[in-house]
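Values reported hereafter were calculated over all heavy atoms of this structure, with side chains retained and with hydrogens, waters and symmetry mates removed. The chains referred to below are lettered A, B, ... by the order of the sequence lines, with proteins before strands, and numbering in each begins at 1.
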2 protein chains.
Amino acid sequence: MRIADPLQDSCAGAATRDCRHGLATNGCEDCKVRLFSVCAALEVPELEELDRISQAREVPARTTLFEQSTLAGSVFNVTDGVVRLYKSLPDGRRQIVGFALPGDFLGLALQDRYGVTAEAVTAVAVCRFARPAFLAYVDDKPHLLRRLHEFAGHELSLAQEQMLLLGRRTAEEKIAAFLLNMQARYARIGTVSVTVPLPMSRQDIADYLGLTIETVSRTLTRLAREKVVLIVPDGVRLLDLERLKLAGAS
Amino acid sequence: MRIADPLQDSCAGAATRDCRHGLATNGCEDCKVRLFSVCAALEVPELEELDRISQAREVPARTTLFEQSTLAGSVFNVTDGVVRLYKSLPDGRRQIVGFALPGDFLGLALQDRYGVTAEAVTAVAVCRFARPAFLAYVDDKPHLLRRLHEFAGHELSLAQEQMLLLGRRTAEEKIAAFLLNMQARYARIGTVSVTVPLPMSRQDIADYLGLTIETVSRTLTRLAREKVVLIVPDGVRLLDLERLKLAGAS
DNA sequence: CGGGCTCTTGAATGGTTTCAATGGGAGTGG
DNA sequence: CCACTCCCATTGAAACCATTCAAGAGCCCG
């Protein structure tokens, strides 16, 4: 994982996109995630227009991108790193509703307030758009709106799958499904491997699966003892996919 | 709640919209739910066009509208009654991901397979559209796509709220939030009342909240004993909104 | 009136949580 | 370079909330 550029603040403040250190190089056309992100719906001339309203930005781990219930001033495309999206209860209980990986779009719903809080889990690179500018940009591009809608539909499906997991699966099934799901997501963005990176903490995993940190730890330990997985630094190697799928399949 | 017209099958089979018994009267313009459904984005001439590709349909309770994983041949607008949307695990465990009320749109994601199963809880009236026809209809109407996207964004927010509920709330909080939520939803479609209709079974409520039927029953009984609610046939009267909000607030 | 269904209630079990202590790396400062 | 601290993860034991198992009550409908 790339370390955040210490100059990121000078970049964040810039009104234009002349901000080409680090991951953002020559604008949208060269973007690493273009082909599997929302932007794949756009032609080159449109990309150049998008370039003009975008700001590449890099932030270190644990940076808050935006907060639940605040006015949605920006939307983001994640280009590197992992972001956690969560909702909180007044007493501090937290539910992570998703982890955003490179290619994921934050603020898909285009609503005027953020429904969740977004925090960088690792160092993160994003493409940032002022919401009014982005809305204006979308306005005369039905094919982009279509693409955004497709993404939203996909998100909705994932959310429903997660409801099934949260409401009806056991701790072991939750962990198994989570690992398989993360593996599949990394595969889609080009990192096919039986070793699944888990940059988030055990507490994050617990808050994503509706468990406690102790249950996550115990369950992973048990799966490791049974040679279903091998726990490695910042990740897990999946040893027995069949056994995992037995528990985690939908 | 209106009882399903026994002639509904003759209606369901009809290719055109000449099917005006029961709730569907003079087409979209007179539609009871038009103003708070997706269709509110449409002008009168567009509504007439929509009329031509729509089929009003009434089905009795427990009818399956569509099934999880099957090809999405139709999309629906619910005009009367209550529909449950759920996902199932191979061993029979079930998670209801939502109850659709009048004005709700089924198949919002416009994906080619249904992600959930939809079953009528009560007698239900829907406006049905063949998916290809609907897609063609949407194609040159960006404002409708925009409206669909808004609805999808709203759905996504609800789903995230439900994840918080499923993952982090206690049984009592789940019940309280459910009752307040149903009350608010009925209020939006015109039925403002402290008596909340609950046409679905206890098992449905349990499967929606990630509980067992016994826990739902016990919790409701306790709330009734504590004079927070009054259980009435097919519903609940909310007596102590403050107390409920204390438990159910986000 | 009886059958079948849903809902309620009680008692016991259990999976997960809570509480508590230990282990182990990363970073810091002496 | 090594103690020291801090934080995160692991592990153990006890407690608890929700579930499971079981029985009874209520209700609709033939």
Whole-Å distance, B/R225 CZ to C/dG10 C1', equals 12 Å
Can you tell me if B/R218 touches the phosphate of C/dT8, counting only side-chain N or O atoms and a distance under 4.0 Å to OP1 or OP2?
no
Between A/Q203 and B/A171, the residue closer to the 5' end of DNA chain D by nearest nucleotide is A/Q203
Identify each atom pair where a protein N or O and an N or O of nucleotides 20-23 of chain C are less than 3.5 Å apart, giving names and distance.
none

Would you say the side chains of B/Q111 and A/S157 form a donor-acceptor pair under 3.5 Å? yes
note: B/I213, atom CD1; C/dT8, atom C1'; distance rounded to Å ~ 9 Å
Closest of D/dA18, C/dT18, C/dT8 to the B/L211 side chain is D/dA18
In whole angstroms, the gap separating P of C/dG15 from CD of A/E173 amounts to 13 Å
When rounded to whole Å, the CZ to C1' distance for the pair A/R93 and C/dT18 reads 14 Å
- Between B/R222 and B/E172, does at least one N-O distance fall below 4.0 Å, as a salt bridge requires? yes
Check your understanding: At under 4.0 Å, does any side-chain N or O of B/T221 touch on OP1 or OP2 of C/dT9?
Key -> yes
Is there a side-chain polar atom (N or O) of A/T215 under 4.0 Å from OP1 or OP2 of C/dT17?
yes
Q) Across the strands shown, which category fits B/S201 at heavy-atom distances under 4.0 angstrom: base, sugar-phosphate, nothing? A) sugar-phosphate
Query raised in the report: Charged N to carboxylate O under 4.0 angstrom, A/K245 versus A/D240?
Result: no
Atom CZ of B/R202 and atom P of D/dT19 are separated, to the nearest Å, by 16 Å
Whole-Å distance, B/D204 CG to C/dC5 P, equals 16 Å
Check B/R202 with B/D207, please: is the shortest side-chain N to carboxylate O separation under 4.0 Å? no
So that I can tick it off, tell me whether B/E173 and A/R93 are bridged by a salt bridge, with the cut-off set at under 4.0 angstrom between side-chain N and carboxylate O. yes
Between CE of B/M200 and P of C/dT6 the distance, given in whole Å, is 16 Å
Are A/F105 and A/F151 an aromatic pair by the rule of ring centers under 6.0 Å? no
To the nearest angstrom, the CD1-P distance between A/I231 and C/dG24 comes to 14 Å
So that I can tick it off, tell me whether B/R62 and B/E119 are bridged by a salt bridge, with the cut-off set at under 4.0 angstrom between side-chain N and carboxylate O. no
Subject >> Sugar-phosphate, base or nothing in reach of B/L220, heavy atoms under 4.0 Å >> reply: nothing
